[in-house]
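Just so it is clear: chains get the letters A, B, ... in the order the sequence lines come, proteins before strands, and each one is counted from 1.
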There are 2 protein chains.
Amino acid sequence: MVRMKDVAEMAGVSLITVSRVLNAPELVKDETKARVEEAIKELKFVPNYTAKALAENKTRVIYLYIPKESSLDELVNMNLISGIMAHLSEKQYSLQITRNFELPQKCDGMIIIGRNGLEEDMDSKIRVPYVVFGRSNLNVDHVDVNNYKGSYDMTKYLISKGHKDILFLKINNENIRFNERFRGYKDALLDSDIKFKESLVIDIDENQEQLAYLAIRYSEKIEKATALFCSTDLSAIGAYRALKEKNIVIPKDISVVGFDGLANEVVPLTTVKQPIYNVGERLAEILINRINNRSKEIERVLLEPQIIESKTSGCTSLLGKDLNLAL
Amino acid sequence: MVRMKDVAEMAGVSLITVSRVLNAPELVKDETKARVEEAIKELKFVPNYTAKALAENKTRVIYLYIPKESSLDELVNMNLISGIMAHLSEKQYSLQITRNFELPQKCDGMIIIGRNGLEEDMDSKIRVPYVVFGRSNLNVDHVDVNNYKGSYDMTKYLISKGHKDILFLKINNENIRFNERFRGYKDALLDSDIKFKESLVIDIDENQEQLAYLAIRYSEKIEKATALFCSTDLSAIGAYRALKEKNIVIPKDISVVGFDGLANEVVPLTTVKQPIYNVGERLAEILINRINNRSKEIERVLLEPQIIESKTSGCTSLLGKDLNLAL
DNA sequence: CTGAAAGCGCTTACAG
DNA sequence: CTGAAAGCGCTTACAG
């Protein structure tokens, strides 16, 4: 293994100078720097990050906190982990996962999956820089998905396809995300001069396929609508099943769209795709920047979701026509 | 931060003794050991893994090689990464991802996503212990999914539901996995005294939704069957779409099942779920064991997939009956 | 602009 | 069974 010492010898300088070329090149005379750089290239020197970390009192380890309630093999978490890994690897950082705040080892920073309530005590508990996925009441770097915008855009999209009577399957729990999606829907209607009607909203209490199924199965509001916008893909699938049972054909009789898009590799549902993988990348990026500069301005990033057109939606002009049927 | 030195002082021993208690406790007198252990607990001492790694000439970093052709946000890769991370984190190792074999930094071991052909030169290139996902012609630790068994079991499952004429949608490329799935299907028929018929096989060349769609859309073999076993979920979804277009109702007229199950959180397809997340965990586990004991016997692990019953399959006794329709 | 020396927190022959 | 000393490969005041 090539060490800084070897580079120093080859370049005819001290080890300290090599270190400077690597970490503070502006302090080194151009000519010396050139000699060192050549030696580095010649010997294919790569710094030993373990030694560097020890000397700097760093670890090059980032912890990702995922609450215990959330399984690591959920699609959201998998997307997140992959995105984070991709960026950290590039920057020579590595990742560990934790389910609580008692970390088994030192780290340089943390990524926290939003815990909406408990945040107040977080800042005192965590003694390293951290970044949060989701809203944060604290003055802290965070990344979130623009649920409002995604929902707004999807509603506009449906309107552009000729839909005016758009049913909304709403999820009624304290999760801000679902509220934002509902707001986006309403505002898009408003901005298109379509009156928002309570009679076109169907409520369920949790994001469950079965609840959505039941709600749609026994609702009569369907007949008034040409499109159904579900708050999540999971509920869209429940709704889909209910519609089929009622012999309503999709998208011939009604368009059905969802929100999340985490499995759109295999689910042919028109939906709003949350860029969770990108969220992961951005979280990692922002955290590393923060580690390298504690005093920089707080970052608040809102990533835009994207509409994925698939087989469950169509134009109103095609209503009743037997086209390519959806799954 | 509490160091070994602090523990040593409190226990009234040398730093070396503390190190022994941690790494080779059998060399330490019981009484001394007890004093040290108490001090460790009292001071909540946690070893500094960076320092340990440097002294041991280790890194505690594992590289995961994923070929460039394969995107990190594919479901398989995400499952894998999450599973690997879960185990490594537990063992205080961390992970980095690489897309080639020029590693930017030292590591203690590698996890290689099977590269079926190129394996011959691998052993010489990689100078650290490694484990492979997939078959390997080399004499190396590896983990794979039992595709044969999954397919065999699914076929048996369909037979147990009364199906005898089971169409198989086969993918005809060099990927061994697809061959194994086909073999499992044939053997299950054989073992159930059902004659295998070429006329019940439909071929496509790649695992693509559209190819499956076309193959099923224009095949007349469907009419002869009560069940359709597709080699992948993706092809099952294409097939599903084609069937719907032909006004064939699922599972009323025909059962449709797939293979993969990576998105079954949201896809209500009866399928064989590949335990990719568990594959990840096992890969990590085996690698760490190998790192700690280079001379142990080679591990060849075959994980069993699992049948997930969902809404696209049913009993032949219910054929033609209008039940809970599937998605 | 450059270098000698101490230090980061561990492990590991070697000695006793 | 226990300990003194050197070493892992870097960084960082400090001095010049």
Side-chain angles (χ1 to χ4, degrees), chain A residues 1-37 39-40 43-61 92-94 103-108 128 291-292, chain B residues 1-37 39-40 43-61 92-94 103-108 128 291-292:
Chain A
M1 196 202 184
V2 183
R3 298 154 306 170
M4 272 177 39
K5 199 180 159 206
D6 305 314
V7 174
E9 276 167 14
M10 179 164 201
V13 296
S14 83
L15 182 154
I16 304 182
T17 302
V18 179
S19 174
R20 284 212 187 88
V21 171
L22 260 25
N23 301 309
E26 67 280 7
L27 299 179
V28 182
K29 192 162 58 171
D30 281 352
E31 188 220 344
T32 319
K33 188 162 32 183
R35 278 218 314 283
V36 171
E37 277 163 351
I40 288 177
L43 296 172
K44 293 183 182 166
F45 167 75
V46 175
N48 179 322
Y49 283 98
T50 304
K52 186 176 164 70
L54 180 61
E56 288 178 323
N57 198 20
K58 296 263 174 67
T59 61
R60 292 213 155 246
V61 171
Q92 314 306 328
Y93 275 77
S94 51
L103 304 185
Q105 135 180 31
K106 267 183 62 183
C107 69
D108 292 349
V128 292
I291 288 170
N292 295 325
Chain B
M1 196 201 184
V2 182
R3 299 152 306 166
M4 271 177 39
K5 199 180 160 209
D6 305 315
V7 175
E9 275 168 14
M10 179 166 199
V13 295
S14 83
L15 183 154
I16 303 181
T17 302
V18 178
S19 175
R20 284 213 187 87
V21 170
L22 260 25
N23 300 310
E26 67 282 5
L27 299 179
V28 182
K29 192 160 61 170
D30 281 355
E31 190 219 344
T32 319
K33 187 162 31 184
R35 276 215 318 282
V36 172
E37 277 163 352
I40 288 177
L43 295 171
K44 294 182 180 165
F45 167 75
V46 175
N48 179 322
Y49 283 98
T50 305
K52 187 176 164 70
L54 180 60
E56 287 178 325
N57 199 20
K58 298 263 173 67
T59 61
R60 292 213 153 246
V61 170
Q92 313 304 330
Y93 275 78
S94 52
L103 304 185
Q105 134 179 32
K106 267 183 62 183
C107 69
D108 292 349
V128 291
I291 288 170
N292 295 325

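- A:Met10 CE to A:Ile40 CD1: the interatomic distance, rounded to the nearest 0.5 Å, is 11.5 Å.
- B:Arg35 and B:Glu31 are joined by a salt bridge, as a carboxylate oxygen and a charged side-chain nitrogen come within less than 4.0 angstrom of each other.
- Nearest-nucleotide assignment on DNA chain D puts the 5′-proximal partner with B:Ser14, out of A:Asn23 and B:Ser14.
- At the heavy-atom level, B:Thr50 lies nowhere under 4.0 Å from the strands shown.
- Atom-to-atom distance recorded for B:Lys52:NZ and A:Gln105:CD is 11.5 Å, nearest 0.5 angstrom.
- A:Arg60 forms no cation-pi arrangement with A:Tyr49, by the criterion of a distance under 6.0 Å to the ring centre and an angle within 45° of the ring axis.
- In this structure, the nucleotide among C:dT12, D:dA13, D:dG3 sitting nearest to the side chain of A:Arg20 is D:dA13.
- Note on B:Thr32: a side-chain N or O is less than 4.0 Å away from OP1 or OP2 of D:dT2.
- Which of D:dG9, C:dG3, D:dG3 sits closest to the side chain of A:Val13 comes down to C:dG3.
- The residue B:Asn57 sits apart from the nucleic acid: no heavy atom pair falls under 4.0 Å.
- Taking OH of B:Tyr93 as the reference point, atom NZ of B:Lys58 lies at 6.0 Å (rounded to 0.5 Å).
- In this structure, C:dA4 forms no base pair with any nucleotide, since neither Watson-Crick nor G-U wobble geometry is met with both distances under 3.5 Å.
- One N or O on the side chain of A:Asp6 and one on the backbone of A:Arg3 form a donor-acceptor pair closer than 3.5 Å.
- Across D:dC10, C:dT11, D:dA13, the shortest atom-to-atom separation from the side chain of A:Asn48 is found for D:dC10.
- Each of B:Leu27 and B:Ala55 was matched to the nucleotide of DNA chain D holding its nearest heavy atom; the match closer to the 5' end belongs to B:Leu27.
- Under 4.0 angstrom from either OP1 or OP2 of D:dT11 there lies at least one side-chain N or O belonging to A:Ser19.
- Closest to the side chain of A:Val28, out of D:dA5, C:dT2, C:dT11, is C:dT2.
- Distance alone, capped at 3.5 Å, is enough to place a donor-acceptor pair between the A:Asp108 side chain and the A:Thr59 backbone.
- For the contact set between residues 4-12 of chain A and DNA chain C, defined by any heavy atom under 4.0 Å, there are no members.
- As the counterpart of C:dA13, no nucleotide is assigned, since no Watson-Crick or G-U wobble pattern has both distances under 3.5 Å.
- Across D:dC10, D:dT2, D:dA13, the shortest atom-to-atom separation from the side chain of B:Lys29 is found for D:dT2.
- Nearest to the side-chain atoms of B:Leu54 among the listed nucleotides C:dG9, C:dG3, D:dT11 stands C:dG9.
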